[in-house]
Structure formats: structure tokens, C-alpha cells
Amino acid sequence: MSQISLTFPDGNSRSYEAGVTPADVAADISSSLRKKAISATINDQHWDLQWPIDADASIAINTMKDEAPALELVRHDLAHIMARAVQEIWPETQVTIGPVIQDGWYYDFDRTEPFVPEDLALIEKKMKEIINKRDEVRTEIWDRKKAVQYYQDRNEPYKVELIESIPGDEPLRMYWHGDWQDLCRGPHLQHTGQVPADAFKLMSIAGAYWRGDSNRPMLQRIYGTAFRNKEDLKSHLHRLEEAAKRDHRKLGREMDLFHMQEEAPGQVFWHPNGWTVYTTLQDYMRRKQRAGGYQEINTPQVVDRKLWEASGHWDKYQEHMFVVEVEEEHAKEKAINALKPMNCPCHVQVFNQGLKSYRDLPLRLAEFGSCSRYEPSGALHGIMRVRGFTQDDGHIFCTEDQIEAECAKFIDFLAGIYKDLGFEKFEIAFATRPEKRVGSDESWDHVEGALEGAIKSTGRDFRLEEGDGAFYGPKLDFYLTDAIGRTWQCGTFQVDPNLPERLGATYIGEDGNKHRPYMLHRATLGSFERFVGILIEEHAGKLPFWLAPRQVVVATIVSDADDYAQEVVAALQAAGVRAEADTRNEKINYKVREHSVGKVPIILALGAREVAERTVTARRLGENRTSVVNLSDIVPQLAHDATPPDQRG
RNA sequence: GCCGGUGUAGCUCAGCUGGUAGAGCACUGCAUUCGUAAUGCAUAGGUCGUAGGUUCGAGUCCUAUCACCGGCACCA
């Protein structure tokens, strides 16, 4: 047997026979380590304690103290244990796959009877029994034929398909948790008892397509969450509760921002408060775009299908468009229009009016474009995913050489806006050429190079999404992470030589000939609807003062302060602050509570003292201390806070 | 669109095996003028998402349909 050298994290190394397992190594160090060991990290690879090591390597023995491998193993073993539990309770159930995901795992099953919520408790109980059995976990490598045969015999067609889809003819790894077997890459724990029985919870049941393909069978998915200990699980469940409190649908009602109703699914009825947020944001964007060199335009809502046919959208998205048919008395045929699902084709129409010179480029057109898309019913989500929305859309017509500079300019533009709105960080995803595409490789090289160069010139990082670009050009997507860790695509920047081609856009170049411009699609917020939703959730309803729909409530403590309250409100309103008086015959406690629930940032309380001294007692949302300020001081102070960030001196 | 769940007063929710709808908060009225997250009392308010059906009788059972929620698929 040849010898190999294993190097430990502290830099020391020891010599072992080739084929030694991490379990042996741990035992060699100490019996207590052997007991505590859960896995190893071999050359940065997560390694099962049972897997042999055949060559020189770095090694670290992991215990429950090592968070990443511990969570990975606990969740992965729980996936197997859950599948075993389900098959023990309902033997006719077929198993498919069960990966580890953020905060937990899921496993997909095929079973005729649907799981019901009460089943979760049943499964959890069975899982705890399995854990308490401390069943050994062991692994073997099988050849493909044997594995296929095994699963065919057991009537597990999904597993057979999985094996057949694994490329090459490499051997397959099998794992046993007690007598229960699953095809699995591993690694796993050493026995089921290593899983903490009190640190997991089954969360929900959902449908999911086999292999993520909507043409294939719908399976039943059970989600679970797990941590290393009870406390971590508890704090995770607590975080979920907190997250639910900042749901924009709940806050939208509590703050009286908007509502939605059955007669207009996926569309928003904005209430005065919500519309104040919306228009304040829109006014801000309008000023930013003007300063950024855009010219604002507006285009029609109802457009003949001919234009959508020409743009190619009719062909591809017809069933997702709201079609409007009009019967005119003398017309030969019915006019078929569609509510515009996007603004791009209309912007090309504006560009196409009159001759354009290369001197006009880059030409930046912007529109707060209301779009309608018949989104699938299951896609709708509050005001985040809707059927009627307004994009802060813009199209830049330019030459190929201008793309890089325009892109860099846009990234800076977007970053400044996100910062003003309270988002310091955002993620850029760079999607490159897909397999099916139009245009020459040279052209793709050049355009992709321009985008990459632009990102780098701003000194930002990006995530590469190879092959995810549109068939006609690469794009950048800008993602924001909300306070609960969910990411939302908001901004976008897309290079498009295709639509100008289809719709015949040209400009006269220096050489006096007609040329085809590039069209850059870009949006900063994405849609106002979604962005307002994200703002609400990110700030848990406590919007930045300048965006808050109700900025100040002047609440009286005694009715003798009513006149003074009106005076204070008038002074604030004159200074541009959204202020209102609350002179109802209610206790100050009641008023404070009500306006706090309504997320009013500043409450000014007025009693006899304030009237006499011409002061106000201010209370900021979320704080329970108050401060007494002279009326003459508070007005300019709040007026400053109420000024949008781009207009502050 | 697919799988599962839900749909009762403005809001949050209760209503067991079918017998003709209940609470708290909000609203309104009266009393209270009370210093920082709910003052007291009283009145009023729904035909139970919608449409059919079973039944002597349905919020409660059945069918269809719509919307919403959790996922999946989709997102020009």
C-alpha cells in the first residue's frame, strides 16, 4: 500500500495508507474527535467520513461547530429521513429528489392522495422516531445497471430516469439510512441520531413539476427547515413572523395605501396615501431623468395588432396580451388591437418620425409607460406582480460605439437613485449570448465586451449568467434584496439591434448613408407598483420622510389647543410638509397608538404648555422619547426633511 | 396555467355531527379635556365570494365558477 500525506488546518501533516477514511483519521487523533466528527473537508471538498482518501490532500475534520458543513449535513440527512418516514407511512409513495436549500430542504413525492396539512405532524413524529433509532448511515458505490434494476424492481420510475440522465457511465453512490435506501451524491452523517431531533420543522406542502417542466407530472413537495439547535430554529421562525409583519399587502391596508378587488385582478386601486407615495416617487424620477439627458414622451395604450406583429410580440406573447376588438360599422374587418404590454415599439415610432442624424445620437426617450399584460393567475402577487403597471421605461437610440458609455452612465444613474431610496447595495447580473440567437459572433463579442467594460468602469462586481441573454442581445439585470433577504429584479439594461431592424429605424450617418441604430432598453425602478411594494417591505412601512404619505400629525391633548394645532398645521403645509391635525376628542395615548400603527413618522403633541410657550412636543415613529421644540425651529427642520434628496441644498 | 389551501360584519377571527349568524377592534351617539401605543357606556352593522343543486330546512353537504394565499411553471 502506498502512503499519502494529509495536511491539517494547523499546517502539520501526517502520513497514512492510501484509502484511509476521515473516520480513521479522526480516530487516530482522538476518540472524542471520532465521536464528534460529522464530515471532513478534503481539498475544499465536503467529504463523507466513510469515503476513502487516495492521494495527498489537505484535511479538516468537521464537527457540529462548523456551521456550513453541519447545516448541509443536518438538512440533507433530514431530507432522507423525511422521505423514509413518508414511505413508511404511505408505502405506495414514490420518491424523486430532495435537495438542500436556503434554511432547509424539500423532497418531491409522487402519490395519488394529496398530502394534507395534518400529515406534516404525522411525518414529523415518524421522523423523530427514526432519529431516535440512531440508525447507521452507510454508503456503497453501485454500477449503473444494478442501480437501474434495483429501482425498476421497486417501481421507482423517477429514480430510474434520474440515473439515466446522469451523464457518462460513472458508478453511482447509494446511501442507506437504516434499511431505507436512496441514490445520493452525499456526504451524510454517520447515524440518524446525529440529527438534532428538536431543531427542525416541516413547513409546507406545495406542488412542483417533475424536473421543473410544466409538461411533466406535478409532484407533491414538502418543505422543511432545520438548524443545528433548537435556539437557531426558534430564531428563524421568529424572523419569519417578523417578515410577515412587513408584508406590503398587510401594510398597504394598515397605512391605507391601496386596495385590490375581484373585478380587476392584478390591478391596483391607489388610495390617497398610496398615490402620494407613487407620485412623489414619479416626480423624483422625472427630475432625475431630465437631469440625466432623457426626453419624456407618452405613447398610446391601445395599439393595432399590426404593430405587435411587426415587432414580433404578437407571435410570441399573444396569449399574454389584453386584446381589444372593435366592430366599426363600415369597416371591412374587425379591428383587433392590444393594450400595450410594453413601450418599446411605440418608442421606435417616435424615433422614426422625421429623419434622424448621427448628431441626434444618443437619443434618450423616457416614458412612464402604463402597460398591461395578462399574467398567469398564479403569478400574481400583491402589487409586486400585477397585470396593469407603469414602467419607468426608457430607450436609448445609439451607435454600437456609444453602448459602453451609455451603459456606464446608466449604472451610475441607477446607483444614485437606489441610494436615495435607501438601497445601498444591489446586485448586477450579466446575461450573455444564448444558444439560439441572431447576429454575428463578432457583433456579440463587441456588445458583450461593451457591457462588461461598462460595469468594470464603475468599479462594481457582477454575476455572470451565461446564455441567459435575449436572442438578439445581452443584458444586465439589477437586483435589490429586501430586508427579509428576498431578491427582486428591478432595473434592467438590454442591448437590442433587433427591434430597430424589424421596425425600420434608421439614422443618417457621417457618410450620408442610412444606418441602423442600436436600441437600449432600460428601466431603473422597473415598475412603480413593484417598487412601491419593495419600498414598503424594505422599510417595514416606515418610509423615508420625504416619501411618507402622511408626514406629520399634529395631535391635541386638550381642546384648548385646537386653534394652535391649526396654526401649526398651516405653517407646516406652507413649508411643503404633509401635515394634518388630529383634534378629535380622544386621549393622547389613543392618538399616538393609532398614528404609530399608521406609520406616521412625526407626531407633534400639543397641550396647554405648548400653546403657552409656542412649542411642540415631537415624537418620532419607533422612539418613545419626546422632545420639546420651538415652533419656529421645527418648521424649517421638517421642511428640510420633506425635501426630496435631489432637491436638498 | 398546474398542485394544495382559504373565502363569514370595514379589520382580525369564532360558528361541533345541517335547524334559520357571534366576539373584539373600527364606525356612530353620549359622557369624559384625560400629557405619549387602545377611557367608559350605548346604538348600529353581515344572509355567510358567486351561481346552481341535495334537503322540510345549508354558512355548515354536492357541483361549477371567481378571487386570494403557499409553492411550481411563466415574467417581452
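Computed from a predicted structure; not experimentally measured. Both backbone and side-chain heavy atoms feed into the values below; hydrogens, waters and symmetry mates do not. Chain letters run A, B, ... following the sequence lines, proteins first, then strands; residues in each count from 1.
Within the structure, salt bridge (Lys or Arg N to Asp or Glu O under 4.0 Å) pairs that include any residue of residues 617-627 of chain A comprise A:Glu623-A:Arg625 (at least two apart or interchain). A salt bridge (Lys or Arg N to Asp or Glu O under 4.0 Å) check over residues 604-618 of chain A, counting only residues at least two apart or in different chains, returns the pairs A:Glu567-A:Arg614.
You'll find the ring centres of A:His259 and A:Phe269 inside the 6.0 Å limit. Checked against a 6.0 Å centroid threshold, the rings of A:His236 and A:Phe227 count as neighbours.
A:Glu529 and A:Thr390 make their closest contact through OE1-N, 2.9 Å (heavy atoms, listed as atom of the first residue, atom of the second, distance).
For A:Lys234, there are no salt bridge (Lys or Arg N to Asp or Glu O under 4.0 Å) partners two or more places apart in sequence or in a different chain. With sequence neighbours excluded, no residue forms a ring-ring contact (aromatic ring centres under 6.0 Å, His included) with A:Tyr209. A search for side chain to side chain contact (heavy atoms under 4.5 Å, CB included) contacts involving A:Arg516 returns A:Pro500, A:Glu501, A:Thr506, not counting sequence neighbours. Listed by chain and residue number, A:Trp90, A:Phe109 satisfy the ring-ring contact (aromatic ring centres under 6.0 Å, His included) test with A:Phe115 (two or more places apart in sequence, or in another chain). Listed by chain and residue number, A:Asn215, A:Arg216 satisfy the side chain to side chain contact (heavy atoms under 4.5 Å, CB included) test with A:Asp213 (two or more places apart in sequence, or in another chain).
The side-chain tip of A:Arg437 does not point at the ring of A:Tyr472 from less than 6.0 angstrom away and within 45° of straight on.
Using atom C1' as the reference point in both B:rC11 and B:rC27, the two lie 12 Å apart (nearest Å). Here the separation of B:rU47 from B:rG59, taken at their C1' atoms, is 9 Å to the nearest Å. Between B:rC13 and B:rU8, the two P atoms lie 9 Å apart (nearest whole Å).
One can place CE of A:Met384 at 15 Å from C1' of B:rC69, the figure rounded to the nearest angstrom. Between the P atom of B:rG4 and the CD atom of A:Gln220 lies a distance of 7 Å, rounded to the nearest Å. Taking atom CZ of residue A:Arg584 and atom C1' of nucleotide B:rA26, one finds them 11 Å apart after rounding to whole Å. Here the C1' atom of nucleotide B:rG35 and the CG atom of A:Asn624 are 15 Å apart, to the nearest Å. To the nearest angstrom, P of B:rU36 lies 9 Å from CD1 of A:Ile588. A:Ile222 has its CD1 atom 14 Å from the P atom of B:rG5, to the nearest Å.
The residue from A:Glu367, A:Arg522, A:Gln289 that alone fulfils the side chain to side chain donor-acceptor pair (under 3.5 Å) condition with A:Tyr294 is A:Arg522. Of the candidates A:Phe258, A:Phe528, A:Phe368, A:Phe389, A:Tyr278 forms a ring-ring contact (aromatic ring centres under 6.0 Å, His included) with just one, namely A:Phe528.
Between B:rG70 and A:Arg249, a contact under 4.0 Å exists linking OP1 or OP2 to a side-chain N or O.
Between A:Lys201 and A:Glu124 there is no salt bridge, since no side-chain N of the basic residue sits under 4.0 Å from a carboxylate O of the acidic one. A salt bridge does not link A:Lys245 to A:Asp247: none of the charged side-chain nitrogens sits closer than 4.0 Å to a carboxylate oxygen. Classification of A:Arg249 and A:Glu254 as a salt-bridged pair fails, no side-chain N sitting under 4.0 Å from a carboxylate O.
Ranked by how close their nearest RNA chain B nucleotide is to the 5' end, A:Glu594 and A:Gly382 are led by A:Glu594.
Separating the NZ atom in A:Lys591 from the OG1 atom in A:Thr556 is a distance of 3.0 Å, to the nearest 0.5 Å.
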Show each protein N/O and nucleotides 6-12 of chain B N/O combination with a separation under 3.5 Å, one pair to a line.
{"from": "B:rU12", "atom 1": "OP1", "to": "A:Arg253", "atom 2": "NH2", "distance (Å)": "3.1"}

What protein N or O atoms touch nucleotides 41-44 of chain B N or O atoms at under 3.5 angstrom, if any, and at what distances?
none

Protein-to-nucleotide contact annotation, 5' to 3' order, nucleotides 71-76 of chain B [B base; S sugar-phosphate only; - none; under 4.0 Å, heavy atom]: BBBBBB
Both distances under 3.5 Å, Watson-Crick or G-U wobble: on that basis, could you give the dot-bracket string for RNA chain B, with [ ] for crossing pairs and | for other-strand partners? (((((((..((((.....[..))))..((((.......))))......(((((..]....))))))))))))....
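Residue contacts shown for A:Glu586 include a base, since a base heavy atom lies under 4.0 Å away.
Contact check of residues 602-622 of chain A against RNA chain B (heavy atom, cut-off under 4.0 Å) returns A:Ala605, A:Gly607, A:Ala608, A:Arg609, A:Glu610, A:Thr617, A:Arg619.
With hydrogens and angles left out, the side chain of A:Thr626 and the base of B:rU36 share no donor-acceptor pair within 3.5 Å.
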